[in-house]
Amino acid sequence: MISFEESIATAVAATGTFKKEEVIPLLSIPQETTHGNFSLPCFALAKTLRKAPKIIAEEIASQIVLPLGLSKVEPVNGYLNFFIDRDFLAQSVLEAVAATQLSYGHFAPNNKTVVIDYSSPNIGKELAFHHLRSTMIGNSLARIYKAAGYRVERVNHLGDWGTAFGKLIVMYLREDRKTDPATLDSLTVKELNILYSSFSKASKEEPELEDAARAAFSKLETGDVFYRTLWLAFRAATLKELMRIYNMMGVSFDHYTGESFYEPLMPAVIEELQQKNLMTHSQERDVVMLDEFNLGPCLIRKSDGSTLYATRDLAAAIYRKKEFNFDKCLYVVDLGQSLHFKQVFHVLEKMGREWYTDMYHIPFGVILNQSEDGKWEKGKTRTGTASLLRDVIEAASEKILTFIDEKNPELENKAAVATQIGISALTFNDLKNRRLMDVKFDWDSALSFEGATGPYVQNAHVRLCSIMRKAGYTVNVADVDWKILTDDYSYELIKVLSRKGDRIRQACEIDEPSVLAQYALEIAEAAHRYIHNDRVLGSPEEKARLFLVQSTQVVLENVLDLLGLFPIRAM
RNA sequence: GCCCUCAUAGCUCAGUUGGAUAGAGCGCGCCCCUCCUAAGGGUGAAACCUGCGUUCGACUCGCGGUGGGGGUACCA
């Protein structure tokens, strides 16, 4: 199918004014309905043609031969406004939806591979609310990239290696806990979390504990069997809880390759750095200097010889390139780590890995918590200022359940649906704004489900499903009279549906799920308005209108899915 | 100090890649359930941090301020 933009461009070019390739980037979609579907500003030509834009627009309008599907063109104040035939638009959009269903607006495979690293929580700590961001942004990006034609490798780069484990080990042994298999097997994240905070507290009194932790990690890294047993137990306990939450959220990964996975690969990295003469010894540590990029040094090895996360990220990047031969590799990590990624990418550059330009840090704003003196600052798991993810999910689900009891007490599987709506609400709240925006967390707004929220979008989907259910039959494309779908409400809704492909492309280009979240709101809004104004069941226009309802439902269902929201059918 | 990032209505945010009269939600004022889920629809008041610059045209791009947040060698 030839796009409207293209046929307009061809027609305009035929008048001998604009060149065809000049037109498409200039075409915009006016916000005013009275300005048509596409608008071409003619100001750019004023200089070369030595004419007023107003005159140019009028001349083109009088000479142009309208392509198929356009009903009129109108010159106004130097703009050229194009109007699409309403029934032509209805037919071309809805036929495409009918033919492609959930994959309407998706792109053909492009033979490119993208690796997306997201969620990547630290083992030994409970998931805090801020982990929702990386998890859901990454989850949505993975779905968006797939829709855009990419092969996607979803990687959970678990933080299961590093000094943190030294801390846990030190604390565990210091508290003289049992280390028999049964006890280790029944460990919970909660206990580990407490162990963590006790370490932080204790190390304030005894700073030498920090050294003990580093030593313990060093011992772990050099292969101490007993320490490794403890480490495995800590890891397993966390993973169990992690999987429970991921399942509940509908999130999954192709690879759970944590930092420890790269442990055997690190000596090669260090050797290469040495061979290429990139590593220098400074302040007792092994570093790569990055002065030429106006950056501080990248730390490769501590004074006791153990590695840091930059070392492991280098090994991981090299491994991923070899394993997946990616065209892009994304790191969905908060903006506080942008320096770290800049350093890692530049070290790769210095190592001669020319694919370092395919590595992208996809930063997002941090969750801010209000402290007692009223200032907003980054929450800390350690000090307990950050809320736990499972607590927030639980509170959201509970609140939704009271809604259901009030509005639709007969609903089946109330509790399960409430959880799905609750999680979707939190997810949507996280995705609806540009990812770089900081999020000020407070319980009231996190649990506010009125207005532009997940439940609003889900409700639109539910109402569409409800109409379809009550109709009891589905309409075939061949039986639709397109002329019926030309009133203002149908037309506005169809226009929204027609933009799906554009939105997917844009969301993918700028790695921004909020593009689709805003789009979901647009669909929901147009759908709510449509079914409020155009009665479907029992009306003379029932067939055509029901077909529009079906089409809208399919489009919305997939958009919800691309965002990682549950497209529920009853609430 | 240096680096990154954000600034639009009372509050929380959109703004189609530089285009015409800057849009929503919450809150505030009204209206609409004998009507497919009122978790809805309609309607009113209300805004581009500041100064230069680029441009036919700037909320959007560039430079300088101001304010919030984050980062800045052995945590991740």
Side-chain angles (χ1 to χ4, degrees), chain A residues 25-26 28-32 35 39 41 43-44 46-47 52-53 76-79 81 120-122 125 159 161-164 167 210 213-214 259 282-287 294-304 306 308-310 312-313 333-340 342 363 365-366 368 375-378 400 403-404 406-408 421 432-434 436-440 445 448-460 462-471 499 502-503 506 509-510 514-515 518 521-522 525 528-529 531-533 535-539 546 549 570-571:
Chain A
L26 275 175
S28 60
I29 299 170
Q31 31 193 322
E32 285 289 315
H35 290 148
S39 182
F43 308 100
K47 240 181 210 160
V76 53
N77 293 331
Y79 290 87
N81 295 332
S120 307
N122 291 326
K125 291 186 192 168
W161 205 240
T163 313
K167 294 183 185 177
E210 298 279 355
R214 278 192 282 270
E259 294 187 73
S282 167
Q283 301 184 21
E284 319 252 297
R285 293 143 236 190
D286 291 320
V287 304
N294 198 22
L295 297 173
C298 181
L299 273 71
I300 303 296
R301 239 178 356 192
K302 297 188 250 184
S303 49
D304 64 5
S306 59
L308 289 113
Y309 74 134
R312 298 189 281 274
D313 269 343
V333 183
D334 77 81
L335 56 80
Q337 293 192 44
S338 53
L339 174 61
H340 162 73
K342 267 185 202 160
V366 293
L368 304 178
K375 281 192 79 173
W376 289 97
E377 40 196 39
K378 199 175 165 183
I400 298 283
F403 263 86
I404 295 177
E406 199 179 300
K407 317 231 179 213
N408 190 7
I421 299 176
K432 81 174 171 192
N433 299 137
R434 288 172 1 251
L436 275 170
M437 303 293 278
D438 285 342
V439 176
K440 292 174 184 160
S445 58
S448 154
F449 304 132
E450 286 167 48
T453 62
Y456 174 84
V457 182
Q458 282 173 316
N459 180 239
V462 161
R463 290 178 72 189
L464 295 168
C465 289
S466 174
I467 293 174
M468 290 163 64
R469 215 166 27 239
K470 290 199 164 135
R499 296 201 256 271
D502 260 349
R503 295 308 173 93
Q506 194 196 351
E509 266 172 21
I510 60 176
S514 70
V515 169
Q518 295 293 333
L521 284 174
E522 275 180 65
E525 218 172 280
H528 275 306
R529 207 171 291 157
I531 58 184
H532 183 262
N533 290 290
R535 174 80 203 180
V536 178
L537 301 180
S539 73
L546 183 57
V549 165
M571 66 195 280

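Everything numeric in this text was worked out from a predicted model, so none of it was measured. Proteins come first, then strands; the chains are lettered A, B, ... in the order of their sequence lines, and each starts at number 1.
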Considering every strand and a 4.0 Å limit on heavy-atom distances, what is the contact class for [X]: base, sugar-phosphate, or nothing?
X: A:Ser120; answer: nothing
X: A:Gln337; answer: base
X: A:Leu436; answer: sugar-phosphate
X: A:Ser303; answer: base
X: A:Gly336; answer: sugar-phosphate
X: A:Leu537; answer: base
X: A:Met571; answer: base
X: A:Ala570; answer: base

Syn or anti for B:C33? Use the chi torsion, O4'-C1'-N9-C4 for purines and O4'-C1'-N1-C2 for pyrimidines, with syn inside 90° of 0.
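Syn, since the glycosidic angle lies within 90° of 0.
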Taking syn as any angle within 90 degrees of 0 and anti as the rest, which one fits B:U16?
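Base orientation: anti.
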With [atom1] as the reference atom in both, quote the distance from [N] to [M] in angstrom, rounded to an integer.
N: B:U17; M: B:G51; atom1: P; result: 27 Å
N: B:A14; M: B:A22; atom1: C1'; result: 10 Å
N: B:A47; M: B:G23; atom1: P; result: 12 Å
N: B:U21; M: B:C59; atom1: P; result: 11 Å
N: B:G67; M: B:C33; atom1: C1'; result: 48 Å
N: B:G68; M: B:U8; atom1: C1'; result: 16 Å
N: B:G18; M: B:C48; atom1: C1'; result: 16 Å
N: B:C30; M: B:C36; atom1: C1'; result: 28 Å

Would you mind telling me which of [options] lies closest to the side-chain atoms of [X]?
X: A:Ile400; options: B:A39, B:G70, B:A76; answer: B:A39
X: A:Ile404; options: B:U12, B:G69, B:A39; answer: B:A39
X: A:Asp438; options: B:A38, B:G69, B:C35; answer: B:G69
X: A:Lys47; options: B:G41, B:U72, B:C56; answer: B:C56
X: A:Leu335; options: B:A38, B:C74, B:G69; answer: B:G69
X: A:Arg535; options: B:C35, B:U12, B:G69; answer: B:C35

Whether each nucleotide of nucleotides 14-28 of chain B has a protein heavy atom under 4.0 Å at its base (B), only at its sugar-phosphate (S) or at neither (-) is summarised, 5' to 3', as SSBB-BB----S-S-
If we only count heavy atoms from C-beta on, is the [X] to [Y] side-chain gap below 4.5 Å?
X: A:Asn533; Y: A:Arg529; answer: yes
X: A:Pro363; Y: A:Ser338; answer: no
X: A:Asp313; Y: A:His340; answer: yes
X: A:Lys470; Y: A:Ile467; answer: no
X: A:Phe449; Y: A:Tyr456; answer: no

Rounded to whole Å, how long is the line connecting atom [atom1] of [X] with atom [atom2] of [N]?
X: A:His528; N: B:C36; atom1: NE2; atom2: C1'; answer: 13 Å
X: A:Lys302; N: B:C75; atom1: NZ; atom2: C1'; answer: 8 Å
X: A:Arg301; N: B:C75; atom1: CZ; atom2: P; answer: 15 Å
X: A:Arg312; N: B:C75; atom1: CZ; atom2: P; answer: 10 Å
X: A:Lys125; N: B:A76; atom1: NZ; atom2: C1'; answer: 7 Å
X: A:Ile531; N: B:A39; atom1: CD1; atom2: C1'; answer: 12 Å
X: A:Trp376; N: B:A7; atom1: CH2; atom2: C1'; answer: 17 Å
X: A:Lys342; N: B:G70; atom1: NZ; atom2: P; answer: 17 Å

Quickly, which of A:Arg214, A:Lys302, A:Glu210 forms a side-chain hydrogen bond (donor to acceptor under 3.5 Å, both in side chains) with A:Thr163? Name it, please.
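The side-chain hydrogen bond (donor to acceptor under 3.5 Å, both in side chains) with A:Thr163 is passed solely by A:Lys302 among A:Arg214, A:Lys302, A:Glu210.
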If only atom types and distance count, is the side chain of [X] paired as donor or acceptor with the main-chain N or O of [Y] below 3.5 Å?
X: A:Asp438; Y: A:Gly365; result: no
X: A:Asn408; Y: A:Met571; result: yes
X: A:Lys432; Y: A:Ala452; result: yes

Across all strands shown, which nucleotide pairs with [N] by Watson-Crick or G-U wobble geometry, both distances under 3.5 Å?
N: B:C33; result: none
N: B:G1; result: B:U72
N: B:C63; result: B:G51
N: B:G57; result: none
N: B:C26; result: B:G10

Please determine if a side-chain N or O atom of [X] lies less than 4.0 Å away from the OP1 or OP2 oxygen of [N].
X: A:Arg463; N: B:G40; answer: no
X: A:Lys407; N: B:A39; answer: yes
X: A:Lys378; N: B:G71; answer: yes

A quick test of your reading: do over 12 heavy atoms of other residues, nucleotides or ligands sit less than 6.0 Å from CD of A:Glu284?
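Open.
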Quick one: on RNA chain B, does A:Ile467 or A:Asn294 contact a more 5' nucleotide (nearest heavy atom)?
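Result of the comparison: A:Asn294.
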Going by atom types alone, do A:Asn433 and A:Ser514 pair a side-chain donor with an acceptor below 3.5 Å?
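No - no donor-acceptor pair under 3.5 Å links their side chains.
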